Chemist: 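Could you have a look at this structure, given as structure tokens, before my questions?
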Amino acid sequence: MPVWDSFIRGYHWLQALSIAGLWYTGTEGLMDWHFSIAYFLLALLLTRFVWGVVGSDTAKFTHFVRSPRTTLKYLASMHSKDKPSHVGHNPAGAYMVVAFMLLIATQLTTGLFATDDIISEGPFAMYVSGATSSLMTEIHAINFNIMLGAIGLHLFAIVVYLLKKENLILPMLHGKKSLDENDKPKLTNSLIAWGVFIIIGTVIYQQFAKDIVVYLF
Ligand code: HEM
Ligand code: HEM
């Protein structure tokens, strides 16, 4: 049964690639590329928020974010045979998803105000004091290390599932899982999400990225 729509899958892998690129360009000081990839990721994340409200069942925040009590119950019954079935993210994994999105949003926001004190600064750095910009730059560096920790934990959890003979990676690639007909999630046409992505991306390109991209190519 189809579980992850093409936007969720595309978002996931493009996001992982973008973060790898941002890590490399940020630490190597390749700021024009850093900014361009960051704007791409910004458009991707904003579209994911929209899709989290109007998209497929498995993308919707209301579908996978459960109360702490339900999550604790889930964790307690995780190893029993009659563990509750779920489609999409499990209740504990859902908190990790939300944490990721908050970390990435923080990284993008602080980046907009950051400066390398040489020639590159985020587009909003000029509207705040030098002290605020320095603080944002510091948070940008610290938050990235927290992100690296979260990514490590994410990969560790996926390896644990692999050891328990549950491969979560393949469904994130081809989108399908074997499920009971009754559990089948409702998937919305991903073309809508990609359309939203193009609209948000065009606005960001016009506002922030046009000069950089023209300069790069
Ligand atoms: C920068 C690196 C990465 C980040 C920031 C990241 C972040 C995320 C996020 C936010 C989700 C939730 C997707 C959504 O609902 O929209 C997710 C799911 C997932 N990720 Fe990653 N990811 C990263 C790398 C990877 C890698 C390298 C793998 C595989 C080796 C992977 C495997 C998965 C899988 C299998 C799921 C679905 C989990 C489930 O079944 O609930 N991720 N990831
Ligand atoms: C998720 C998105 C982002 C990631 C993962 C990321 C990652 C990084 C990393 C790893 C560094 C190096 C930090 C250090 O030197 O210790 C860096 C520096 C920097 N980033 Fe980002 N960044 C992101 C978004 C942005 C955005 C949106 C902007 C602005 C448009 C931006 C502007 C900067 C600037 C100006 C620096 C240089 C700061 C310095 O020299 O200390 N970043 N970023």
Side-chain angles (χ1 to χ4, degrees), residues 2-26 32-66 87-90 93-114 122-124 140 143-144 146-147 150-151 154 158 168-177 185-214 216-217:
V3 175
W4 303 117
D5 63 52
S6 81
F7 176 73
I8 290 288
R9 287 177 283 141
Y11 153 79
H12 179 265
W13 297 113
L14 289 171
Q15 170 180 263
L17 281 179
S18 302
I19 291 175
L22 286 161
W23 185 6
Y24 179 73
T25 53
D32 296 317
W33 282 103
H34 190 73
F35 282 26
S36 302
I37 304 171
Y39 292 134
F40 176 80
L41 182 58
L42 180 62
L44 213 52
L45 187 70
L46 290 176
T47 312
R48 178 64 185 90
F49 286 146
V50 173
W51 207 231
V53 179
V54 301
S56 305
D57 278 354
T58 45
K60 275 194 183 137
F61 298 123
T62 49
H63 184 85
F64 64 78
V65 181
R66 323 273 158 83
V87 180
H89 298 302
N90 74 46
Y95 280 96
M96 187 74 201
V97 175
V98 173
F100 254 136
M101 289 179 181
L102 290 178
L103 284 170
I104 298 168
T106 305
Q107 191 68 12
L108 286 164
T109 312
T110 53
L112 296 174
F113 294 90
F124 298 152
H140 197 67
N143 188 65
F144 185 69
I146 304 175
M147 269 174 72
I151 293 167
H154 181 54
I158 285 158
L168 299 174
I169 305 171
L170 284 177
M172 220 1 136
L173 287 166
H174 56 50
K176 297 193 183 74
K177 269 187 187 176
K186 194 173 126 315
L187 297 196
T188 310
N189 188 345
S190 284
L191 279 179
I192 301 170
W194 290 114
V196 172
F197 172 65
I198 289 172
I199 294 168
I200 295 179
T202 309
V203 174
I204 292 177
Y205 174 77
Q206 288 293 341
Q207 292 297 318
F208 301 129
K210 207 162 56 189
D211 299 339
I212 306 169
V213 175
V214 169
L216 282 172
F217 297 100

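As the structure is a computational prediction, the values presented were derived from the model and not from experiment. All values below come from the heavy atoms of this structure, side chains included, with hydrogens, waters and symmetry mates left out. Note that the numbering runs from 1 along the sequence shown for the chain.
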Chemist: So, the side chain of Asp32 versus the backbone of Ile212: is there a donor-acceptor pair under 3.5 Å, distance only?
Modeler: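 Checked: no pair found.
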Chemist: Can you tell me how far apart CZ (Arg9) and CE (Met172) are? Round to the nearest 0.5 Å.
Modeler: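 Going from the CZ atom of Arg9 to the CE atom of Met172 covers 9.0 Å.
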Chemist: Would you say Phe144 and Leu22 make side-chain contact, with heavy atoms under 4.5 Å?
Modeler: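 No; the side chains remain at least 4.5 Å from each other.
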Chemist: Have Asn143 and Thr106 got a donor and an acceptor in their side chains that come within less than 3.5 Å?
Modeler: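 The criterion, which ignores hydrogens and geometry beyond distance, is not satisfied for Thr106 and Asn143.
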Chemist: Checking His140 side chain against Thr110 main chain: does a donor-acceptor pair fall under 3.5 Å?
Modeler: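 The answer is no, because no donor-acceptor pair under 3.5 Å joins these two groups.
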Chemist: Can you tell me how far the OH atom of Tyr11 sits from the OG atom of Ser18, to the nearest 0.5 Å?
Modeler: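 Output value for this atom pair is 10.0 Å.
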Chemist: So which atom in Thr58 and which in Gly88 form the shortest heavy-atom distance, rounded to 0.1 Å?
Modeler: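 Of all heavy-atom pairs spanning Thr58 and Gly88, the closest is CG2-CA, 3.8 Å.
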Chemist: Any chance you could measure Leu103, atom CG, to Leu108, atom CG, to the nearest 0.5 Å?
Modeler: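 The distance works out to 11.0 Å.
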Chemist: Nearest 0.5 angstrom please: Ser36 OG to Tyr205 OH, how far?
Modeler: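 Result: 9.5 Å between the selected atoms.
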Chemist: Does any pair with a residue in residues 40-49 pass side-chain hydrogen bond (donor to acceptor under 3.5 Å, both in side chains), and if so which ones, sequence neighbours excluded?
Modeler: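 Found none.
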Chemist: Should we say atom CZ of Phe49 is surrounded by more than 12 heavy atoms from elsewhere, each under 6.0 Å from it?
Modeler: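 Check passes, neighbour count above 12.
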Chemist: More than 12 non-hydrogen atoms from neighbouring residues, nucleotides or ligands closer than 6.0 Å to CH2 on Trp23, yes or no?
Modeler: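 Count not over threshold, so no.
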Chemist: Is the closest side-chain heavy-atom distance between Phe35 and Thr25 below 4.5 Å?
Modeler: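 Side-chain contact under 4.5 Å: no.
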Chemist: Tell me the closest heavy-atom pair linking Ala94 and Phe64, and the distance in Å.
Modeler: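 Shortest heavy-atom separation between Ala94 and Phe64 comes out as CB-O, 3.2 Å.
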Chemist: For residues Val65 and Lys60, determine if any side-chain heavy atom of one lies less than 4.5 Å from a side-chain heavy atom of the other.
Modeler: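 The answer is no; the side chains never approach within 4.5 Å.
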Chemist: Might you point out which heavy atoms bring Ala59 and Trp51 nearest each other, and give the distance in Å?
Modeler: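 Scanning both residues, the minimum pair turns out to be CB-CD1, 3.6 Å.
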Chemist: Using 30° and 60° as the class boundaries, would you call the ring planes of Phe7 and Phe197 parallel, tilted or perpendicular?
Modeler: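 Phe7 and Phe197: tilted rings.
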Chemist: With under 30° as parallel and over 60° as perpendicular, where do the rings of Phe124 and Phe113 fit, or are they tilted in between?
Modeler: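 If you compare the ring of Phe124 with that of Phe113, the planes turn out tilted.
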Chemist: Atom CG of Leu187 and atom OG of Ser6: how far apart are they, to the nearest 0.5 Å?
Modeler: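 Going from the CG atom of Leu187 to the OG atom of Ser6 covers 10.0 Å.
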Chemist: Which word best sums up how the rings of Phe217 and Trp33 line up, parallel for under 30°, tilted for 30 to 60°, or perpendicular for over 60°?
Modeler: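 Rings of Phe217 and Trp33: perpendicular, as their planes differ by over 60°.
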Chemist: Taking the side chain as every heavy atom from C-beta outward, state whether Val3 and Pro171 have any pair of such atoms under 4.5 Å apart.
Modeler: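 The answer is no, as the side chains (C-beta and beyond) never meet within the 4.5 Å cut-off.
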Chemist: If you look at every heavy atom in Thr188 and Ile192, which pair is closest and at what distance?
Modeler: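 Closest approach of Thr188 to Ile192: CG2-CD1, 4.1 Å.
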Chemist: For the ring-ring contact (aromatic ring centres under 6.0 Å, His included) test, which of Phe61, Tyr95, Trp4, Phe100 pairs with His89?
Modeler: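 Of the listed residues Phe61, Tyr95, Trp4, Phe100, the ring-ring contact (aromatic ring centres under 6.0 Å, His included) partner of His89 is Trp4.
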Chemist: Would you say the side chain of Gln15 lies within less than 4.5 Å of the side chain of Leu41, judging by non-hydrogen atoms?
Modeler: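 Yes, their side chains come closer than 4.5 Å.
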Chemist: Quick check: do Tyr39 and Val213 have side-chain heavy atoms less than 4.5 Å from each other?
Modeler: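 A side-chain contact under 4.5 Å is absent here.
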Chemist: Are Phe40 and Ile204 close enough that some pair of their side-chain heavy atoms sits under 4.5 Å apart?
Modeler: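 No. Closest side-chain heavy atoms not under 4.5 Å.
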Chemist: Working to the nearest 0.5 angstrom, can you tell me the gap between Ile37 CD1 and Ile19 CD1?
Modeler: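 Nearest 0.5 Å value for the CD1-CD1 distance: 11.0 Å.
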